[in-house]
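Report on the structure given below.
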2 protein chains.
Amino acid sequence: MSASKNIKPTESELEILGVLWEKGAGTVREVHEILEKSKDAGYTTTLKLMQIMHEKGLLKRDTSSKTHVYEAAISKENTRQQLLNKMIDTVFNGSASQLVLQALGNHRSSQEELDKIKQYLDQIEQQQKK
Amino acid sequence: MSASKNIKPTESELEILGVLWEKGAGTVREVHEILEKSKDAGYTTTLKLMQIMHEKGLLKRDTSSKTHVYEAAISKENTRQQLLNKMIDTVFNGSASQLVLQALGNHRSSQEELDKIKQYLDQIEQQQKK
DNA sequence: ATTTGTTTACGAAAGTATTCGTAGTAAATA
DNA sequence: TATTTACTACGAATACTTTCGTAAACAAAT
């Protein structure tokens with residue numbers, strides 16, 4: 001059994017997590033105003049979603065003042081890894097490198113980013129030689 | 001505007017596509033028997049799903065004989081790329097290389113695979129220099 | 001004190017995905 | 001021919017996600 005539960009945020013939940021990962025913590029109003037820019041939904045929709053996410057354990061909240069303050073309860077890294085693993089399993093036949101090749105294929109990355117990846121690859125190889 | 005429409009197979013639909021990409025074409029029965037190994041659902045469930053997928057244009061089918069033969073109507077590569085792009089956008093802040101680093105991080109790849117990736121990186125760099 | 005504005009809570013509608021029971025049909029078999 | 005078997009079609013139940021209207025609580029402003 002793994003340490004963190006099988007989290008599976010929905011599409012909308014991921015949007016909210018994204019906002020909170022970015023800004024650290026915030027009220028429904030704050031999250032909603034950021035979301036509004038790219039999405040078209042009412043305030044109570046965002047509220048309801050965040051309440052549900054709290055019930056599910058995806059968000060923590062501080063209710064000491066009237067206006068509640070929410071915060072992500074799951075880490076960005078962990079969540080990313082889980083989603084990635086799932087995609088590797090179900091879409092890329094379990095091969096991480098197939099995913100990597102495909103990702104590098106279309107989305108063109110900057111030279112800087114490519115260098116970083118290369119550097120990382122070297123690092124991995126070093127570790128494996130030990 | 002891109003050539004292929006915005007396809008968004010659901011979880012279950014992806015499982016079926018995975019089977020058909022692997023085996024090329026098959027009947028509901030064949031697909032179902034493969035799915036059964038890892039999943040717990042009745043025959044008519046698989047049937048219904050494949051019918052819906054046909055309506056959506058995700059599958060082609062040959063109804064010339066009583067037992068219909070289905071085939072994926074969308075390519076593995078294209079579908080993978082779309083799903084990947086979406087994940088990059090919604091989960092990795094639009095950075096493909098962030099996704100790549102994360103993917104290489106946990107899932108350990110074989111030396112052979114790593115070499116392939118490196119080779120590919122070199123190739124990309126060459127093209128960009130032109 | 002009343003009004004106005006902001007917030008949470010609640011419930012339910014609408015949309016989408018998944019599941020399966022049942023009926024009908026055609027082919028294979030007794 | 002009658003029965004069994006294998007398949008498709010259809011409809012509906014269930015579950016999950018997203019959306020929002022409305023009410024209640026509270027604070028600030030008039």
Side-chain angles (χ1 to χ4, degrees), chain A residues 5-20 25-71 74 79 83 86-87 90-91, chain B residues 5-20 25-71 74 79 83 86-87 90-91:
Chain A
K5 298 183 192 78
N6 242 23
I7 44 180
K8 203 197 147 204
T10 67
E11 198 61 29
S12 302
E13 288 172 347
L14 268 179
E15 290 175 353
I16 289 171
L17 282 171
V19 170
L20 291 175
T27 65
V28 174
R29 171 80 36 203
E30 289 167 342
V31 171
H32 178 64
E33 265 161 19
I34 294 175
L35 245 47
E36 250 185 336
K37 292 174 194 166
S38 55
K39 196 188 182 181
D40 183 25
Y43 173 81
T44 51
T45 300
T46 306
L47 170 65
K48 182 67 166 181
L49 276 172
M50 290 175 74
Q51 284 171 339
I52 290 172
M53 290 172 77
H54 175 249
E55 279 171 28
K56 289 188 188 174
L58 297 177
L59 299 184
K60 287 179 284 192
R61 75 174 169 184
D62 174 357
T63 56
S64 58
S65 60
K66 173 171 152 70
T67 302
H68 301 176
V69 178
Y70 289 80
E71 195 178 351
I74 59 178
T79 306
L83 293 171
K86 183 170 188 166
M87 173 164 268
T90 70
V91 183
Chain B
K5 299 183 191 78
N6 241 22
I7 45 178
K8 205 198 146 203
T10 67
E11 199 60 30
S12 302
E13 288 172 348
L14 268 179
E15 290 175 351
I16 289 171
L17 282 171
V19 171
L20 290 175
T27 65
V28 174
R29 172 83 32 205
E30 288 167 344
V31 171
H32 178 64
E33 265 163 18
I34 292 175
L35 244 47
E36 251 185 337
K37 293 175 194 165
S38 54
K39 196 189 181 180
D40 184 25
Y43 174 80
T44 51
T45 300
T46 306
L47 170 65
K48 182 67 165 182
L49 277 172
M50 290 175 74
Q51 284 171 342
I52 291 172
M53 290 171 78
H54 175 249
E55 278 172 29
K56 290 188 187 173
L58 297 177
L59 300 185
K60 287 180 285 194
R61 75 171 170 184
D62 174 358
T63 57
S64 59
S65 59
K66 172 171 152 71
T67 302
H68 302 175
V69 177
Y70 289 80
E71 195 178 351
I74 59 178
T79 307
L83 293 171
K86 182 171 188 166
M87 174 163 266
T90 69
V91 182

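So that the names make sense, note that chain A is the first sequence line, chain B the second, and so on, each numbered from 1.
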Applying side chain to side chain contact (heavy atoms under 4.5 Å, CB included), run through A:Leu83 and A:Leu14 and close with a yes or a no. CA-CA 11 Å; A:Leu83 293 171; A:Leu14 268 179; 3.9 Å; yes
Mind checking whether B:Leu17 and B:Leu59 have side chains closer than 4.5 Å, heavy atoms only?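 A side-chain contact under 4.5 Å exists here.
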May I have the step-by-step check of side chain to side chain contact (heavy atoms under 4.5 Å, CB included) for A:Glu13 and A:Leu58, ending in yes or no? CA-CA 9 Å; A:Glu13 288 172 347; A:Leu58 297 177; 3.5 Å; yes
Kindly determine whether A:Lys60 and A:His54 satisfy side chain to side chain contact (heavy atoms under 4.5 Å, CB included), including the steps that lead there. CA-CA 6 Å; A:Lys60 287 179 284 192; A:His54 175 249; 5.7 Å; no
If I compare all heavy atoms of [X] with all of [Y], which pair ends up nearest, and what's the gap?
X: B:Thr79; Y: B:Pro9; result: CG2-CG, 4.3 Å
X: B:Glu11; Y: A:Lys86; result: OE2-CE, 3.3 Å
X: B:Tyr70; Y: B:Leu20; result: O-CD2, 3.9 Å

List the atom pairs, with distances to 0.1 Å, where a side-chain N or O of residues 38-53 of chain A and a protein N or O form a donor-acceptor pair under 3.5 Å, not counting sequence neighbours.
residue: A:Ser38; atom: OG; partner: A:Leu35; partner atom: O; Å: 3.4
residue: A:Lys39; atom: NZ; partner: A:Glu15; partner atom: OE1; Å: 3.3
residue: A:Thr46; atom: OG1; partner: A:His32; partner atom: ND1; Å: 2.8

Send over the distance from [X] [atom1] to [N] [atom2], rounded to a whole Å.
X: B:Met50; N: C:dT19; atom1: CE; atom2: P; result: 15 Å
X: B:Leu14; N: C:dT16; atom1: CG; atom2: P; result: 18 Å
X: A:Glu11; N: C:dA17; atom1: CD; atom2: C1'; result: 15 Å
X: A:Glu55; N: C:dT8; atom1: CD; atom2: P; result: 14 Å
X: B:Glu30; N: D:dA6; atom1: CD; atom2: P; result: 15 Å
X: B:Met53; N: C:dT16; atom1: CE; atom2: P; result: 18 Å
X: A:Leu47; N: C:dT7; atom1: CG; atom2: P; result: 10 Å
X: B:Leu58; N: C:dT16; atom1: CG; atom2: P; result: 15 Å

Could you tell me whether the phosphate oxygens of C:dT7, OP1 or OP2, come under 4.0 Å of any side-chain nitrogen or oxygen in A:Arg29?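 Yes, A:Arg29 has a side-chain N/O under 4.0 Å of OP1/OP2 on C:dT7.
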Within less than 4.0 Å of OP1 or OP2 of C:dT8, is there a side-chain N or O belonging to A:Gln51?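 For C:dT8, neither OP1 nor OP2 has a side-chain N or O of A:Gln51 closer than 4.0 Å.
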Restricting to nitrogen or oxygen on both sides, can you table the protein-nucleotides 19-23 of chain D pairs closer than 3.5 Å?
residue: D:dT19; atom: OP2; partner: A:Lys39; partner atom: NZ; Å: 3.3
residue: D:dC20; atom: OP2; partner: A:Gly42; partner atom: N; Å: 2.7
residue: D:dC20; atom: OP2; partner: A:Thr45; partner atom: OG1; Å: 3.0

Among residues 61-69 of chain B, which ones have heavy-atom contacts with DNA chain C below 4.0 Å?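 Under 4.0 Å from DNA chain C: B:Lys66.
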I'd like to know if the side chain of A:Glu33 reaches the main chain of A:Glu30, judged simply by a donor and an acceptor atom lying under 3.5 Å from each other, with no hydrogens or angles considered.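 Side chain of A:Glu33 to backbone of A:Glu30: no pair is present.
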